[in-house]
Structure formats: C-alpha cells, structure tokens
Amino acid sequence: MPTDVRDSAFVARALRDIALYLELKGENAFKVRAYNLAADRVLAVGERLADVVREGRLAELPNIGQALADKVVTLHTRGTLPLLEELRASYPPAILALLELPDLGPRKVAALWTSLGVGSLPALEEALRQGRVRGLKGFGEKSEAKLLAGLEQYRSAHARRRLGDVLPVALALRDELARAPGVVRIEVAGSVRRFCETVSDVDVIASAAEAAPVLEALAQRPGVATVLGKGDSKCSVRLQDGLQVDLRVLPDEDFATALHHFTGSKAHHVRLRGRARDLGLTISEWGVFRGEEKLAVPEEAALYRLLGMAYVPPELREDAGEFEAALAGTLPTDLVEPADIQGAVHAHTTWSDGRASLLDMARAAAARGLAYLTITDHSASAGYASGLSAERLRQQWQEVDAVQAQVPQVRLLRGLEVDILQNGALDLPDALLEQLDIVIASVHVRHGQDADAMTARVLRALDHPCTDVLGHPTGRLLQRREPSPLRMEEVFARAAERGVALEVNGNPERLDLHAAHVRAALSAGCRLVAGVDAHDTASFANVDYAARTARKGGARRSDVLNTLGTEAFLTALRERHPRRGRRG
DNA sequence: GCCGTTTTCGGCCCGACTGTTTTCAGTCG
C-alpha cells in the first residue's frame, strides 16, 4: 500500500468532507469549524504527519483534542473512518459538488436534497430546467437563473488558477484603478497578496472619499463580462476569462484595517482576534476598537503594534507559526525579498532549449542590474531539450568567454543543469563537471518511479561531489504534474549534510520547492538558491516568484546563496568543492 | 469538537450583500 494515499493532504480532505456533511446535516457550526481547523492543522504538520501519528503526539497540536486525534489516527492508518462512511452512505455520492456552486451553501443544498431529491449537478440542472427549484422555500426566479449560470461557470472555470497567471492581471488592474477619480491608496489583497501558489479570485482594496466613482470604474472597465454585484462599498465582477474580481472602497482612515482584513488568511485572523480579545480589543475590517472607542490604524504595522506584536508580512500570514513568533519577537526581520537577489541562477540559452541567445541573455541580465548569470543549459541525455554533450559544452565555454568580453557588466558563470539519470548518476563525466563554476542536478525524466527508487536516485545525486544545487527538487508542475514521490525529509537531511543547496525554482508553473517545503528544508539546515529557470529574457522576472516563495517559507537573506555578491557566491559553492572553478 | 489566570460550561469573528423576505436567512469572505 503506497503511503502517500494517507498523507496529510488525504487526511485533511477527509476531515473537510466530514465538515461538509455535518453542515448538510445541520450540525452545530462550531463542531463543523472544529473539523476544518483540524484539517488546517494536519496540513500544517505536512510531511511529518506519519511521525506525529506514530509518536502519539496529535492531541498536543492546537485545535486537535482526543476525539479528533483518534479520528486522524484511524484515517491515517486505515484510510477511512466509520463516521465518514456513515455520512457518505446517507447522501448521494456527488452531493458535495453542489456546494461548489456560487450562492449554494449547506442549507440550500440540504433543502434541495430533502425536498426535491436533488443530489448531484446533473439532477440540479434537470430540476432547474423543469422549474421545480423556484417553488422551493428560499428559492425564486433569480436563484434559478443564478444557479443555471453557476452550473455553466462551474464547468468552464471552477478550478483554481496559478498565481503566475493571475498576479500580472491583478497588478495591472490595481494600477488602472489607481487612476480612478479620488483614489488615495489601493492595493491587491487576498491570497494573491499572501503569494499563495494558486488563487481563486482577486481582491482589491482602495480608499477614496467617494466610493461610487471607483466602483463604477471597475464595473465599466473593458474586459468585464458580468457585474456580479454592486453596492455602496463593494463591486464584484467576472472578467471575460472567468476570473472574479472583488473591489472594496472605503474612507482612507479604514484602509489599513480593510486591507489587513481582506488579506487574510482566515486562520491568521482567528489567532489575532483571540489575542485582541485578551487585550480587551475587537478587530473587524472597519477598525480596531476598545469598547466604543475606535483606535487609529494608519498602517497595518499599527494594528500589530496595538496587539503588542511584531509586524507580520502578508506572505507569512498562514498560522504556520508566525503568530507565536511575532508575539515572542522572534520573527525574522531580514526575510529575503526580490531586491536582495544579486545573481540569476539557472538560465538556459539557444545552446539547449532556451529561446534567447547567450548574448541576449547576458545583456538582459545586465539590464536588470544583476551581478552574475549562471549559464546552465541541459546535459546530453535531455535529448528533448537538445542537451549538451561534453564536446558541445566545451564549445559553449568559448562563447561564454566571447560574450563576457562584450558584456563586462555581468559576470558569466560556467554551469550546467545536468540530468540525474535513472540510477542517480550524473549525465556527464566528473572530469568535465569539475571544471564548472556551478552544477545544478535535476530530474527530468522517469518521474513515475516509486518512492524508494526516486529517493535513492536523488540521494545518490546529492552525494555526488560535483552537485552544487538540486534543481526543482520535486519536479511538480502546478495543476499538471504531481510532485515525484520523494521522501523529502531524507532529501533535506542529506542536502544539509552534503552542503548541497536546494533550488526554489521561480518558474510560475513550478514554484518548486514550495513554501512549506522551504520551511522544512530550512529547519533541516539546508541552504537555498532562488532560481529563475530562465528560457528567455523575460523570465528573469521569475526571480520575484523565487524570492517571494522562499520568503513565504520563512527564508532569510542569509539562507539564500544568490543574495551574495559574485565572489562570495562562488566562495560559498567552492566551500564544498575546493577543486572547483579552475579554468582549464 | 475544542478550550480555559474570568469559565470544566458556555463560548467559539463578524459585517456586507442578495434574494426572498414583510423583518430575515443564507452565503460569502
């Protein structure tokens, strides 16, 4: 039985399903919340869930008492739970899908099921078309139309979107609305601001004396397909590609608290509100209050000061330990940020599958003010990417030298993204690898190996004396390919032991390592590089995604090797390989 | 179902918006 079916994601999913069924049953809302909070907690434990279960430490976790601890153990060890089976058996199998529709919550789904026997999306559509829904208490003609539209919407765009697809749209929208009449401050909030790797919509918060003109600017904007709702302070629209945008406009004195409120996460806010209660304060999007008195909160930082805590940057607001750290004053103040990155690590050129020449890449790196650029094309076995043979790699060095003479502003480093072969060996001879400034070792083929084989393969690559960096460690492609079944704890431990840095790959389709892995890698003592995985000149912008993903995982500037200047970076790599870097 | 230097019982964040309402319930974030 593969262990990964019962990992933390599986257990969390089961707990959330139980919560949904309990809502359908009309159970106590706080009981429902308890299951959801437990699911959050299990996910936060991540890779170590198996350890926590084995050592019987579940009930020590916040929000997990003895009853839930027992259920998690059963889910983890047996893959199911009597309670869950019972709940599933009392409803049609596809009923939970109904809850995915907008404006359809547990109460209404329960009504549809008990009154009409509607328990699936197709059954709902049929009932709607027969006009049977509108007669139901709480439903009318508008509900009918909305649900039909919702079914359509569900089919086309119910999946979450990758941050990389949404962030540019959100920032452009913000900059455009910033020019609407009377806007004082405006910012993107929500999961986009928290830099979550996938997001479901865009939240924008603005301040202005008059809300109406700003709301109107969004409603009238080209590219808006539907205005979903519009009130005195809020406007929701759906763009032509299906992306939902929620805009809220408030007086400037409320901007900071609103921005904070709509940035979330919910879990982070629950902690803050508990703290506020202890101090005799209440927090809402309208402000921080002591009794009737509204306290001034000109900036988000002021809100945290009122709570006697250090400021928590948006990326960290996930209740992943940041609350306790901010309270204790141990939250790092030197978290890495994009501007700290001095060198572009992991770049391809037309020598392999890059779309820009070595010269163009060097010029683009110089234009971005980068101090160095690692030329790391693919190695021979990556035939699909025109990987370099030993001979072609040597030829490339001549061009590196020639381009270096033409573009002296940026230091070009000889490198290679060498394939980790199926058995864990590296693709080119050691004698060649030893002459490089930097070797990134990556898995590109045979992702389907089982956990034992894949882990052994990567550990062997980490043991290779020439490996400097493990590239995109899990190989996942967001929404397209699952991470390989590596035992990450073992990978992190070995990488720390061998001094191999782990890449935080900033390609928006990868974001690999992701933030939770970054956190685990750091506590294992690993070093990181923020990789751009550039295949053209535009993808130097990936440095933002890499740095902010590392930041979300709690990485400090000193944890990321390419925050160092050129010589210090090379020294850091050579610490492990004294023989490296001798040019032949 | 969880939690506790106010509580082992009685809280648990809360406001905006919408539609079906004639005073409010449900959904959403």
Side-chain angles (χ1 to χ4, degrees), chain A residues 15 18-20 22-41 58-72 83 98-112 133-147 149-150 189-194 196 199-205 211 215 227-236 244-250 254 257-289 319:
Chain A
L15 292 172
I18 292 173
L20 290 172
L22 293 179
E23 275 195 287
L24 285 182
K25 274 184 69 179
E27 260 290 0
N28 180 317
F30 296 107
K31 190 173 183 175
V32 172
R33 194 165 78 108
Y35 278 91
N36 279 317
L37 285 173
D40 292 343
R41 189 56 56 188
L58 274 169
E60 292 171 23
L61 299 174
N63 306 321
I64 297 190
Q66 199 51 54
L68 270 166
D70 291 345
K71 292 186 169 76
V72 169
L83 171 64
L98 290 173
L99 291 165
E100 305 277 318
L101 293 183
D103 304 309
L104 215 46
R107 303 286 182 161
K108 291 191 166 178
V109 169
L112 287 169
V133 172
R134 72 173 83 170
L136 219 53
K137 185 165 187 261
F139 293 84
E141 282 185 35
K142 286 204 177 176
S143 310
E144 183 182 271
K146 267 195 159 180
L147 287 174
S191 47
V192 175
R193 184 162 182 246
R194 297 204 314 281
C196 296
V199 300
S200 55
D201 60 8
V202 173
D203 293 288
V204 183
I205 308 298
L215 298 174
V227 177
L228 298 167
K230 191 152 157 296
D232 293 338
S233 68
K234 178 184 168 181
C235 179
S236 294
Q244 183 172 333
V245 178
D246 296 332
L247 169 67
R248 288 176 181 80
V249 186
L250 319 90
D254 294 325
T257 43
L259 176 63
H260 184 266
H261 178 85
F262 291 108
T263 295
S265 69
K266 212 176 262 187
H268 179 74
H269 282 196
V270 167
R271 304 303 302 277
L272 293 189
R273 289 188 165 142
R275 169 72 177 165
R277 225 179 16 247
D278 294 345
L279 297 174
L281 304 173
T282 56
I283 302 177
S284 79
E285 69 253 51
W286 293 115
V288 181
F289 295 86
D319 192 21

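Predicted, not measured: the structure shown is a model, and the values here were computed from it. Sequence lines set the chain letters: A, B, ... in the order given, protein chains first and strands last, and positions in each chain run from 1.
Nearest to the side-chain atoms of A:Lys142 among the listed nucleotides B:dC12, B:dG1, B:dG19 stands B:dG19. You'll find that the side chain of A:Pro106 is closest to B:dT27, out of B:dC17, B:dT20, B:dT27. Each of B:dG1, B:dG15, B:dC17 was ranked by its minimum atom distance to the side chain of A:Ser284; first place goes to B:dG15. Distances from the side chain of A:Trp286 to the nucleotides B:dG29, B:dA16, B:dC12 place B:dA16 closest. Nearest to the side-chain atoms of A:Arg33 among the listed nucleotides B:dC17, B:dC12, B:dG1 stands B:dC12. Ranking B:dC17, B:dT27, B:dT18 by closeness to the A:Arg107 side chain, first place goes to B:dT27. Closest contact between the side chain of A:Phe30 and the listed nucleotides B:dG29, B:dC12, B:dT20 involves B:dC12. Out of B:dG26, B:dG1, B:dT18, the shortest distance to the side chain of A:Lys146 is found at B:dT18.
Looking at heavy-atom distances under 4.0 Å, A:Glu23 makes no contact with the nucleic acid at all. Using a 4.0 Å heavy-atom distance criterion, A:Asn28 is classed as a base contact. Contacts of A:Ile283 with the nucleic acid, taken as non-hydrogen atoms under 4.0 Å apart, are absent. Contact annotation for A:Ser233: backbone-only contact, meaning every heavy-atom pair under 4.0 Å involves sugar-phosphate atoms and none involves a base. Contact annotation for A:Leu22: no contact, since no heavy-atom pair falls under 4.0 Å across all strands. Across all strands, A:Glu27 comes closer than 4.0 Å to no nucleic acid atom at all (heavy-atom distances).
Rounded to the nearest Å, the gap between the C1' atom of B:dC13 and that of B:dG19 is 25 Å.
Exactly one of A:Leu259, A:Asp203, A:Val204 qualifies for a side-chain contact (heavy atoms from CB on, under 4.5 Å) with A:Arg248. That residue is A:Asp203.
Taking the nucleotide of DNA chain B with the nearest heavy atom to each of A:Gly105 and A:Gln66, the more 5' of the two is matched to A:Gln66. Where A:Arg277 and A:Tyr35 each meet DNA chain B at their nearest nucleotide, the meeting point lying more 5' is that of A:Tyr35.
For A:Lys234, no side-chain nitrogen or oxygen approaches OP1 or OP2 of B:dG15 to under 4.0 Å.
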